[in-house]
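First comes the structure, then the notes that go with it.
Computed from a predicted model, the values in this text were never measured in an experiment. Starting from 1, each residue takes its place in the sequence as its number.
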Amino acid sequence: MSLLDHLIDESIPQRPTPAPATPPTHRYWTTTEQDQHWQDLCKAVGTPGKPRPSHTAA
């Protein structure tokens with residue numbers, strides 16, 4: 001390979017290899033996890049023990 005070939009090769013950008021695909025890890029929270037998260041939030045804002053709001057149809 002000549003010097004000119006090396007210079008030309010360096011000037012052409014190379015696309016990086018794509019990252020391997022990973023399966024999604026999304027899932028719904030269990031009721032226990034939701035309750036624990038709510039209690040952690042309440043404790044953080046200074047209202048520990050406040051009941052979790054519930055959705056009621058009007």
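Taking CG from Leu41 and NZ from Lys50, the interatomic distance works out to 11.5 Å, rounded to the nearest 0.5 Å. Residue Gln36 holds its CD atom at 10.0 Å from CH2 of Trp29, rounded to the nearest 0.5 Å. For the atom pair CD1 (Ile8) and OG (Ser2), the distance works out to 7.0 Å, reported to the nearest 0.5 Å.
Counting heavy atoms from C-beta outward, Pro53 and Trp38 have side chains that approach closer than 4.5 Å. Two residues are said to be in side-chain contact when any heavy atoms from C-beta on lie closer than 4.5 Å; Thr31 and Asp35 meet this criterion.
Residues Gln39 and Gly49 come closest through the heavy atom pair OE1-N, 3.5 Å.
Within 6.0 Å of CG on Leu7 lie more than 12 heavy atoms contributed by other residues, nucleotides or ligands.
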